[in-house]
Amino acid sequence: MSQTKQIEQKWQAKWENAHIFEADPDPKRKKIMVTFPYPYMNGPLHVGHTFTASRVDAYARFKRMQGYNVLWPWAWHWTGQPLLGASQRVARGDEAYIRVLREVDDVPESELKKFIDPLYMAQYYTNEGRLAVKSIGFSVDWRREFTTVMPTYQKFIEWQYKNLKEKGYVTRGTHPVVWCPKDQSPTGDHDRQVGEGVTPEEYTLIKYKLGEHTFLPAATFRPETIYGITNMWINPDAAYVEATVNGENWIISQEAAEKLKEQEKKVQVKRSFKGKELIGQIFENPLTKGKFPILPGWFVDPKTATGVVYSVPAHAPYDWLALKDLQEKPEVLKDFGIDPEDVKRIKPISIIKVDGFGEYPAVEIVEQMGIKDQHDPKADEATKALYKKEFHSGVLKQNCGPYTGKTVREVKDTLIADFRKLGVADSMYDLPEQVVCRCMTQCIVKILSDQWFLDYSDQQWKAKAKEVVAQMAIYPDSAKQWFNVVIDWLKEWACARTTGFGTPLPWGKGWIIETLSDSTIYMAFYTINKHIKQSSIKPEALKPEVFDYIFYGKGNPAELEKAVGINVDLLEAMRNEFLYWYPFDLRNSAKELVPNHLTFCIFHHAALFPPEHWPKAIGVNGMLMVEGKQMHKSKGNFITMKGAVEKYGADATRCALLLGAEGMDDPDWRAENVSDLKSKFEALCGFASGIVASAKNQEDTVLERWLQSKLQHRIKDVTVSIDELKTRTGLQIALFETWNDLRWYIQRKGSTDAKALGEAVKVWLKMLAPFAPFLCEELWSQTGEAGFISIASWPAFDEAKVDVAAEEQENLIIDVMSDTSNILKAMKITPKRLCYYTAASWKWQVYLKVLEKTLAGEAKINELMKEFAADKDLKPHMKDIAGMVPRVIKALTKLPSDRKANILKIKAVDEKEILQSALGFLKERFNAEVSIYSEDDQKRYDPKRRAVMAMPYQPAIYIE
RNA sequence: GCAGGGGUCGCCGAGCAUGGUCAAAGGCGUAGGCUUCAGGAGCCUAUCCUGCAGAGGUUCGUGGGUUCAAAUCCCACCCCCUGCACCA
């Protein structure tokens, strides 16, 4: 076994035995409850889960070290269809799928066989998942664990839905879905062979009249164009039917008749015939009573909507092209007994005024794009472009009745509603593209009736949900408006279905609450599940009144005890535990859950809990990529949590992920980077334990003060970063920046045995502990500290330890070195001797004065000069000062303002002494003799007379 | 199509909200040196271009604009990612 693995197992066991992550209410301590959306158990946990949960764990561990009572619970989502589907595929002997289980999920053969039982499968993945979560070191309180099919959990969900229903958030209605006629069930995206992402579209049917009692329901997305109709198109070769539809006589395509049967229409086909039969007949516009002919249109697809299309050649490119065709090729009309002259007389009717177009936009766009005929693929493009343009900016002309002067966008909805009221319009759904079910059956649209919905359209509910958002923190902040947009956007959500695992709807036989609807407030269940498990509370005892008491404080525990048999103490303990932990303080997930789960969570809290129990914060992060691509089992780039930990170790896995991205950016998992990080950690171990072992010298030179001071900034930055869930920034500073500080100190010091360095390393380990807990525990134990670093106190920023003088001293060295290197680079020489000349004391006087004025924002050269001239000591140097002042001003603009302030505070420093103290270091660095002089030094070696160039914080340099 | 997020020096990625401190953090990679029996690791240095003195020049998706001054503000355009519902 590798050393890493040994260390990991050792600490995992120690944590578990010491129960340090098990959190109970403690009124003396402030609490933090963090949560991660429970993962769905139809497969193993993967690095995507790992990334998101690592952020939660880093936050939890950080808060725990800060002294908070931190609770991080975990559970498993079993609700829904996919688990069933997966199991069925195993049962069916689906080779491809079984191979994935075997090779990607690493399921042993003996277990695989048992996967024909979906619950067994879920239990297997749950067990594996728990081991993985433990092995990566997430600081979870396992006493609260559950799965969503546990009867006790289901009692909780029943309570939730009973409440929602009573409060009026659950409604009943109809809904169009993509439907597989063979499976007799909705066909979700994942169940499709063809047509992923395709959703039903609603057509308006305008019921044109053919004779007194027959309708031609023409399908359109643009019902406003009824005012511009010139004729009807019927495909002469397609099969049509005359049918009674909800008591009316309709003529529609054969396919349409079948479809309408599934859309809450009573359809009775009376006779079938070819479209040809209709050509040449005259129909009536039910609104304007105008009469128009039916013409042959071969482009009409009987498979789309009703197969009946009306023609608006002024605004629809296809219609214009088809009409033009007939007008130019009158011979085809002969077959239908239509007088070509009648067709030639048809003129487009313009009804929409739109910028950039004249009378007949369709005619113009066809000419502009050089579209030849209705078979030209560009016709489709033209249709879309024109539709978009007319919809957004088109204004209806005077011939549009009550809608005149309005934009299409404004009136569309009312217009449809009006037409329906007048009885001239109906509607039907159809799919814009073909959808084929996994079972190879062609899908259709079905309107499900008696569906149960969560009424997310409810304006008051929306308003309340926004209040929840307003009072909480969202990380990153930019996601906040997204939540608000989603709240606006959400409509009724079908919250129950008839198949799959889940909690039966308490009042609806045969309905099961679907996955995204049974996972909205379960964080509250964690708070009490510990008691339910420890006291083996029976599901039957968990009556709604029990939850009412626990969550709302309603009712009397003594009476409850009598009613359900849970004793008063236990009831009160549960109530207290809920009150202690709730609301949760952070919920973090990937951004894909923003438009659904996370927003649902907000809605349900708004509905069911008072403001004091509303979520405190939600974190959102990107979606993990693997080697630059989306991770997919089918793409062969699927990496499990277990696999990653085995290969790279827990700490490297966690940190590689966290260093990948923060905010909503997508992190990229690159195997090479992870192994680099793994070896970096090995180096870190050697580095740190070496220092810890040798720390003995009690010293307090400027270098120790510098190190201490630098460390304070790192502490501050890391603390602020993790607080805002900027885990990437936090880890970067904790790991790399701090490491660089330690290195600089060691270089300058030339030794590693100072106690101060050992102390700094301890602080360093503490800052790293939330990110790389195993390694830090191991090194912590080597420092001789008792107890776990996981619960050691987080380093606090200490203003008193900030030493700006020490920092500026090192800045001086760094600046001098970089100037020297720059010169060497330009000169392309190897130095034998370096001479530094520090500025004369009068220059400091000038420098500080200029600095002071600069900081105050009033650095005027002439005024400064006057002031200097008035000074007896400076008077003799006025010639030099004249040249110096502009140089100083320029140099100061390059300094950050906080450094300027520090320098002013420190006043003059003895640069010669500082450089002298770094003499050995500089010698070694440049591999040359180094001499330090003051500009005032009469005996200085200065053959090129460089010394006069010396400035405060910028000694002159001479190299030979 | 609608909505949200993005395009930065070989790569990954900070910075852009409060324009100057930005040739632009940090990591990775690459090159050179030190250390080492060797490999690895570690440590140091360099890494847009130019420059025989600490300097200058050209960069931050594209094209305009505002300003003494823009990666950062405004406008237009191009490209990429994510979500869009009965499904986790």
Side-chain angles (χ1 to χ4, degrees), chain A residues 37 39-40 42 77 79-83 175-178 185-191 197 199 384 387-388 391 448 451-453 456 476-479 481-483 485-486 488-497 500 514-517 519 590-597 620 622-623 625 628 630 659-668 670 672-673 676-677 679-680 682-683 686-687 728-729 731-733 735-737 739-740 743 746-747 815-816 818-829 892-900 924-925 927 944 946 949 954-959:
Chain A
Y40 190 71
N42 64 340
H77 207 185
T79 310
Q81 189 66 42
L83 201 43
H175 190 75
V177 294
V178 178
S185 78
T187 311
D189 259 359
H190 303 291
D191 301 327
T199 54
K384 280 181 183 147
Y387 177 30
K388 188 179 165 191
F391 178 74
L448 293 178
Q451 258 285 348
W452 292 100
F453 293 96
Y456 295 133
D477 201 49
S478 59
Q481 63 155 334
W482 190 9
F483 277 100
V485 169
V486 171
D488 282 332
W489 250 73
L490 277 177
K491 298 182 292 195
E492 292 84 356
W493 182 269
C495 62
R497 50 179 301 150
E514 64 86 42
T515 32
L516 282 164
S517 303
S519 53
K591 62 185 174 190
E592 58 174 351
L593 297 189
V594 171
N596 42 65
H597 167 258
V620 179
M623 303 276 292
M625 312 287 273
Q630 256 190 334
L659 285 171
E662 66 189 11
M664 283 195 277
D665 294 338
D666 301 330
D668 190 8
R670 303 206 171 202
E672 211 185 317
N673 288 0
D676 284 342
L677 195 63
S679 43
K680 210 153 198 69
E682 280 158 15
F687 177 81
R728 183 194 142 88
T729 303
L731 176 52
Q732 179 171 301
I733 297 167
L735 179 58
F736 297 118
E737 312 259 358
W739 201 344
N740 286 344
R743 282 200 193 103
I746 292 168
Q747 273 181 59
D815 290 346
V816 163
S818 96
D819 276 354
T820 309
S821 306
N822 198 347
I823 296 168
L824 290 174
K825 198 177 137 203
M827 302 283 292
K828 297 189 178 69
I829 54 167
L892 288 176
T893 59
K894 289 203 165 182
L895 279 183
S897 51
D898 56 332
R899 270 195 70 186
K900 281 189 263 196
E924 197 180 308
R925 254 311 149 75
N927 196 22
K944 285 263 170 82
R946 294 272 171 205
M949 290 177 69
Q954 195 183 8
I957 301 168
Y958 169 68
I959 301 174

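Here is the naming used below: chain letters follow the sequence lines, and residue numbers restart at 1 for every chain. Computed over heavy atoms, backbone and side chain alike; hydrogens, waters and symmetry mates excluded.
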Worksheet item: Can you find a side chain N or O atom of A:R670 that sits less than 4.0 Å from OP1 or OP2 on B:C12?
Response: no
Worksheet entry | Comparing A:N740 and A:E682 on RNA chain B - which has the more 5′ nearest nucleotide | A:N740
Worksheet item: Rounding to the closest angstrom, what is the interatomic distance between B:A46 and B:U82 at atom P?
Response: 40 Å
Using a cut-off of under 3.5 Å, enumerate the N/O to N/O pairs linking the protein to nucleotides 28-30 of chain B.
unit_1 : atom_1 : unit_2 : atom_2 : d
B:C28  : OP1    : A:K680 : NZ     : 2.5
B:C28  : O3'    : A:D676 : OD2    : 3.1
B:G29  : OP1    : A:D676 : OD2    : 3.4

Item to complete: For B:G26 and B:C77, measure between their C1' atoms and round to the nearest Å.
Response: 34 Å
Fill in: Closest nucleotide among B:A88, B:G54, B:G13 to the A:T515 side chain
B:A88
Worksheet item: Where the side chain of A:Q630 is defined as all heavy atoms beyond and including C-beta, which of B:G54, B:U82, B:G4 is the nearest nucleotide?
Response: B:U82
Discussion item. Given B:G54, B:G26, B:A88, identify the nucleotide with an atom nearest to the side chain of A:I957.
Written reply: B:G54
Discussion item. Any base atoms under 4.0 Å from A:N42, or only sugar-phosphate, or nothing? Heavy atoms, all strands.
Written reply: nothing
Worksheet item: How long is the line joining CG of A:L83 and P of B:A88, in whole Å?
Response: 10 Å
Discussion item. Which nucleotide wins on minimum distance to the side chain of A:E592, given the candidates B:G83, B:C44, B:C52?
Written reply: B:G83
Discussion item. Heavy atoms only, 4.0 Å cut-off, all strands: where does A:M664 land among base, sugar-phosphate and nothing?
Written reply: sugar-phosphate
Response to the item:
Among the nucleotides B:G54, B:A25, B:A85, whichever has the atom closest to the side chain of A:M949 is B:G54
Worksheet item: Under 4.0 angstrom, heavy atoms only, what part of the nucleic acid is A:P476 near: base, sugar-phosphate, or nothing?
Response: nothing
Discussion item. If I pick the C1' atom on B:U18 and the same atom on B:C73, what distance separates them, to the nearest angstrom?
Written reply: 12 Å
Worksheet item: Nearest heavy-atom pair of A:P82 and A:N42: which atoms, and what distance?
Response: CB-ND2, 3.8 Å
Worksheet item: Which nucleotide in the list B:U82, B:G51, B:A41 gets nearest to the side chain of A:A683?
Response: B:A41
Response to the item:
Ranking B:A88, B:A14, B:A53 by distance to the side chain of A:R946, first place goes to B:A53
Worksheet item: Is there a Watson-Crick or G-U wobble partner for B:G51 with both distances under 3.5 Å, and which nucleotide is it?
Response: none
Worksheet item: What integer number of Å spans the C1' atoms of B:U8 and B:U72?
Response: 11 Å
Worksheet item: Looking at A:N927, does any N or O in its side chain come under 4.0 Å of the phosphate oxygens OP1/OP2 on B:G33?
Response: no
Discussion item. Any base atoms under 4.0 Å from A:F687, or only sugar-phosphate, or nothing? Heavy atoms, all strands.
Written reply: nothing
Worksheet item: Sub-3.5 Å donor-acceptor pair from the side chain of A:K944 to the main-chain atoms of A:Y958, do we have one?
Response: no
Item to complete: Just name whichever nucleotide pairs with B:A3, Watson-Crick or G-U, keeping both distances under 3.5 Å, else none.
Response: B:U82
Discussion item. Is the phosphate of B:U47 approached by A:K825 (side-chain N or O, under 4.0 Å from OP1 or OP2)?
Written reply: yes
Response to the item:
A:E924 CD to B:U35 P, in whole Å, measures 12 Å
Practice prompt. Please tell me which of A:D815 and A:S679 maps to the more 5' nucleotide of RNA chain B, matching each residue to the nucleotide holding its nearest heavy atom.
Written response: A:S679
Worksheet entry | Nearest-Å distance once atom C1' is located in both B:U45 and B:G63 | 41 Å
Worksheet item: Starting at CH2 of A:W739 and ending at P of B:C44, how long is that distance when rounded to a whole Å?
Response: 10 Å
Worksheet entry | For the student: nearest non-hydrogen atoms of A:K900 and A:L892, plus distance | NZ-O, 3.3 Å
Response to the item:
Re B:U59: Watson-Crick or G-U wobble partner, both distances kept under 3.5 Å, found to be none
Discussion item. Using Watson-Crick or G-U wobble geometry with both distances under 3.5 Å, which nucleotide pairs with B:G39?
Written reply: none
Worksheet item: Does any N or O donor sit under 3.5 Å from an N or O acceptor when you compare the side chain of A:N822 with the base of B:G54?
Response: no
Discussion item. What's the closest nucleotide to the side chain of A:K828 if the choices are B:C52, B:C81, B:G26?
Written reply: B:C52
Worksheet item: With respect to the side chain of A:W489, which nucleotide from B:C2, B:C52, B:G5 is positioned closest?
Response: B:C2
Fill in: d(CG, A:L490; P, B:A3) in whole Å
16 Å
Worksheet entry | Protein-nucleotide distance (A:D819, atom CG; B:G56, atom P), rounded to Å | 12 Å
Practice prompt. Could you check if a side-chain atom of A:M949 sits within less than 4.5 angstrom of a side-chain atom of A:I957, using non-hydrogen atoms only?
Written response: no
Worksheet item: Within the distance-only criterion (no hydrogens, no angle test), does the side chain of A:Y40 pair as donor or acceptor with the backbone N or O of A:L83 below 3.5 angstrom?
Response: yes
Discussion item. Under 4.0 Å, counting only non-hydrogen atoms across every strand here, what does A:L448 touch: a base, just sugar-phosphate, or nothing?
Written reply: nothing
Worksheet item: CG of A:L677 versus P of B:A41: gap in Å, rounded?
Response: 14 Å
Worksheet item: Now, which nucleotide makes the Watson-Crick or G-U wobble pair with B:C73, with each of the two distances under 3.5 Å?
Response: B:G65
Discussion item. Are the side chains of A:V620 and A:M664 in contact, using a 4.5 Å heavy-atom criterion?
Written reply: yes
Worksheet item: Using atom P of each nucleotide, how far apart are B:C81 and B:C49 to the nearest Å?
Response: 32 Å
Worksheet entry | Rounded distance [0.5 Å steps], CE in A:M623 versus CD in A:E592 | 4.0 Å
Worksheet entry | Contact under 4.0 Å: A:Q481 side-chain N or O vs B:A3 OP1/OP2 | no
Fill in: Distance under 6.0 Å and angle within 45° of ring axis: A:K591 vs A:W482
no
Fill in: Heavy-atom side-chain contact between A:L593 and A:P37 under 4.5 Å
yes
Worksheet item: Just wondering, are more than 12 heavy atoms of other shown residues or ligands nearer than 6.0 Å to CG in A:N927?
Response: no
Worksheet item: Under 4.0 angstrom, heavy atoms only, what part of the nucleic acid is A:Q451 near: base, sugar-phosphate, or nothing?
Response: nothing
Item to complete: Could you let me know what B:U30 is paired to, Watson-Crick or G-U wobble, both distances under 3.5 Å, or none if it's on its own?
Response: B:A46
Worksheet item: Of all the choices, B:G51, B:G83, B:C81, which nucleotide is nearest to the side chain of A:A826 once you look at every atom?
Response: B:G51
Item to complete: Please state how far atom CZ in A:R728 lies from atom C1' in B:A25, giving the value in whole angstrom units.
Response: 10 Å
Fill in: B:A25 versus B:C34 - spacing of their C1' atoms, nearest Å
27 Å
Practice prompt. Write down the distance between CG (A:L824) and C1' (B:C52), rounded to a whole number of angstrom.
Written response: 12 Å
Discussion item. Donor-acceptor check, side chain of A:D668 to backbone of A:G628, threshold 3.5 angstrom: yes or no?
Written reply: yes
Worksheet item: Going by modelled atom types, is there a donor-acceptor pair between the base of B:A88 and the side chain of A:E514 at under 3.5 Å?
Response: no
Worksheet item: Just checking A:T820: base, sugar-phosphate only, or nothing, at a heavy-atom cut-off of under 4.0 Å?
Response: nothing
Fill in: Considering all heavy atoms, the nearest A:R946-A:A956 contact
O-CB, 3.3 Å
Item to complete: Classify the nucleic acid contact of A:A661 as base, sugar-phosphate or nothing, counting any heavy atom under 4.0 Å across all strands shown.
Response: nothing
Fill in: Whole-Å P distance, B:A17 and B:C11
25 Å
